[in-house]
Amino acid sequence: MTGISLPASPSRFLIVLLGGRYLALDAESIQGVLTFEEVGSLDDPRIHGLVYRAINLAEQLGVSNNQGTANSRIVLFSERGAHGSIRVTRVQGLLELHPSQVLPLPSQFRGPERRWYQGMILFAKSIALVLNSSWVLDVQVASVEASGGEGGIPRLVAAQKISMNNSRIC
Amino acid sequence: MLRTLQNYHRGMARQSYQLLVFFVGGRRLAVKAVDVSGIFQWAEPIPVAGQTPFVTSIVRQGQTVLPVFDLAASLRLTVQGSRPLCLRVKHPLGEMAMCIDEEIPILHTLDPAALQTYHGKDLPADGSYTNGLDEIPILSVSRLGATE
């Protein structure tokens with residue numbers, strides 16, 4: 001029996017704008033997209049009993065993010081039982097791509113950023129950098145541990161998938 | 001590499017080097033023409049947060065994405081002109097883009113005998129040559145961005 005390699009299945013990415021830069025998040029890890037009103041006054045959104053600790057991604061990436069506009073959203077995501085939320089300037093939409101369409105970060109980038117990004121996507125006339133969700137959540141864990149807060153160890157809880165309202169996604 | 005070429009041509013009819021002379025912040029620099037893959041209008045770069053010195057953005061040219069080496073910043077200069085140019089060079093890790101002054105680069109033929117060692121430490125060089133009172137370094141593209 002000869003082995004036939006099946007074509008790689010397409011991947012879906014949520015494209016967001018953060019401080020004027022396009023970022024792509026693996027849609028598999030996205031648990032929901034909320035408005036500020038839906039989150040209420042909570043710093044760390046609590047959805048279905050799960051706390052999605054707020055991650056200051058703009059600070060981590062050295063991006064200035066003017067939050068609080070009408071288009072701003074809070075993206076909830078989860079991976080390997082760890083949960084986090086990030087505030088973004090705008091959600092651009094979902095993009096389905098063949099894995100070969102995700103370009104590697106050029107080798108000239110030699111620093112820790114190689115762990116921050118999983119690649120690049122040509123988007124509109126620009127480029128979206130694919131964020132490494134694991135790194136983003138690791139940042140959250142490190143931040144919590146550094147602050148001495150509880151929850152430093154990600155809880156191994158199966159995340160309940162929250163359906164995204166398509167009307168909110170362009 | 002230039003020295004190797006020089007040795008190769010020892011005893012033979014001396015062959016000249018083709019250089020591209022360009023400007024960054026008004027400073028004249030040269031690069032071997034064979035290391036250049038194109039010159040374009042500069043497009044707005046897309047910043048990439050990271051910690052690699054002087055490689056902090058990418059630029060898109062059609063379906064191609066190039067990392068940008070900020071040569072001007074590495075030399076503590078500012079690119080001059082309202083319509084800067086993009087110098088696309090062949091780096092061993094893949095092509096790279098550099099923003100250069102809007103002044104149109106010039107092709108220059110250099111006699112191997114005019115090649116000298118560049119003693120400056122401000123940029124990686126494969127040598128230099130003298131033009132009037134100016135010493136013009138020949139940029140070593142392969143060593144751009146390498147840890148010194």
Side-chain angles (χ1 to χ4, degrees), chain A residues 13 15-25 55-66 86-89 92 95 97-98 100-133 135-136 138-139, chain B residues 24 31 35-38 40-75 86-100 123-125 139-148:
Chain A
F13 297 94
I15 309 291
V16 300
L17 192 65
L18 181 76
R21 302 179 192 181
Y22 290 119
L23 297 172
L25 290 157
I55 299 166
N56 192 343
L57 191 60
E59 186 178 281
Q60 291 297 327
L61 296 177
V63 176
S64 65
N65 186 25
N66 295 326
I86 53 173
R87 295 184 175 201
V88 299
T89 313
Q92 293 294 132
L95 198 60
L97 293 172
H98 190 274
S100 65
Q101 292 175 283
V102 180
L103 308 172
L105 192 69
S107 303
Q108 285 89 346
F109 289 97
R110 296 178 286 107
E113 62 270 20
R114 298 209 67 79
R115 194 166 115 68
W116 304 356
Y117 309 112
Q118 291 182 313
M120 310 177 294
I121 292 171
L122 299 182
F123 176 73
K125 290 182 178 175
S126 188
I127 300 157
L129 290 159
V130 182
L131 269 184
N132 178 356
S133 305
W135 168 73
V136 177
D138 284 351
V139 166
Chain B
V24 174
V31 65
D35 286 341
V36 176
S37 53
F40 304 87
Q41 283 294 327
W42 181 248
E44 194 60 34
I46 296 153
V48 178
Q51 293 175 16
T52 305
F54 308 116
V55 185
T56 55
S57 62
I58 47 181
V59 69
R60 180 173 172 181
Q61 290 184 348
Q63 300 298 300
T64 305
V65 180
L66 301 173
V68 174
F69 183 82
D70 195 343
L71 182 61
S74 75
L75 296 170
C86 173
L87 182 65
R88 194 164 153 169
V89 294
K90 302 172 195 170
H91 189 272
L93 295 175
E95 286 189 273
M96 274 202 312
M98 293 188 289
C99 186
I100 63 173
L123 52 79
L139 196 63
S140 174
V141 170
S142 63
R143 287 193 283 145
L144 279 178
T147 307
E148 293 297 323

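These numbers come from a predicted model, not from an experiment. Each chain gets a letter, A, B and so on, in the order its sequence line appears, and its residues count up from 1.
Here the options are Val59(B), Val48(B), Ile58(B), the test is side-chain contact (heavy atoms from CB on, under 4.5 Å), and the partner is Ile127(A); only Ile58(B) passes.
Heavy-atom minimum distance, Ile46(B) versus Ser126(A): CD1-OG, 3.4 Å. Annotation for Arg110(A) and Pro53(B): closest pair NH2-CD, 4.2 Å, computed over non-hydrogen atoms. Of all non-hydrogen atoms in Pro67(B) and Phe109(A), the two that sit nearest each other are CB-CE1, 4.0 Å. Between Gln108(A) and Gly94(B), the shortest heavy-atom distance links the atoms NE2-O, 2.9 Å.
Remark: side-chain polar atoms of Glu113(A) are paired, donor with acceptor, to backbone N or O of Gln51(B) under 3.5 angstrom.
Top candidate by heavy-atom pairs under 4.5 Å with chain B, chosen from Gly62(A), Gly20(A), Pro112(A), is Pro112(A).
Heavy-atom distances place the side chain of Tyr117(A), and not its backbone, under 4.5 Å from chain B. Of the two parts of Pro92(B), neither the backbone nor the side chain holds a non-hydrogen atom closer than 4.5 Å to a non-hydrogen atom of chain A. Only the backbone of Ser57(B) has a heavy atom closer than 4.5 Å to any heavy atom of chain A.
Residue-environment remark: CD (Gln61(B)) exceeds the threshold of 12 foreign heavy atoms within 6.0 Å.
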Next on the checklist: One pair to check against side chain to side chain contact (heavy atoms under 4.5 Å, CB included): Gln63(B) and Leu122(A). What are the steps and the verdict?
Outcome noted: CA-CA 7 Å; Gln63(B) 300 298 300; Leu122(A) 299 182; 3.2 Å; yes
